[in-house]
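In what follows, a single structure is set out as structure tokens and then discussed.
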Amino acid sequence: MSSDHSTIISRRRFLELTACCAAAASSLLPKVSVAADLPHLSMKDSAAVALGYHEDTRKVPSSKYPSHKPAQECGKCRLYQGAPGAQWGSCMIFPGKAVHVSGWCSAFSPRP
Ligand code: SF4
């Protein structure tokens, strides 16, 4: 086979991969807008209670969570997936629910 044939195959493969990536990216866009419509996580939800979730990090009782720091909040957590500037966003710990950008739970993990 000639190198021209190999080049054509490589270009074809490149175009296929590009189309695939574009399709994958476009499928993610609706998820971002849907995240804003998610029901808010209730502090009474059993999973929320188990992880000490609070909508306002300033109201987390230090007596119960001594490792909590007031500067820790969902918006600074690597598990938070809210859009920039949004008050609520999804969290990988609580699928299907939105947490408050100023919230906190004991699974907090700072963004690098
Ligand atoms: Fe907030 Fe992070 Fe806890 Fe999710 S895991 S509720 S983003 S602190």
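Heavy-atom basis, side chains included; hydrogens, waters and symmetry copies ignored. Counting starts at 1 for both ligands and their atoms, following the listed order. Note that the structure is predicted; figures quoted are calculated from it, not measured.
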### Query
Do you know which two heavy atoms are closest between Gly96 and Leu38, and how far apart they sit?
O-CD2, 3.7 Å
### Query
Which heavy-atom pair separates Ala107 from Leu79 by the least distance, and what is that distance?
O-CD1, 3.8 Å
## Note on the structure
Result, protein N, O or S atoms below 2.8 Å from atom 3 (Fe) of ligand 1, excl. waters, equals 1
### Query
Is the His54 to Trp104 ring centre distance short of 6.0 Å?
no
### Task
Would you please test His100 and Tyr53 for side chain to side chain contact (heavy atoms under 4.5 Å, CB included) and show each step?
CA-CA 10 Å; His100 196 274; Tyr53 171 75; 3.9 Å; yes
#### Entry: Counterpart residues, side-chain hydrogen bond (donor to acceptor under 3.5 Å, both in side chains), relative to Asp45 (two or more places apart)
none
### Message
Run the side chain to side chain contact (heavy atoms under 4.5 Å, CB included) test on Phe108 and Thr57 for me, step by step, so that the C-alpha distance in whole Å, both residues' side-chain angles and the decisive distance to 0.1 Å come before the verdict.
### Response
CA-CA 11 Å; Phe108 176 84; Thr57 191; over 6 Å; no
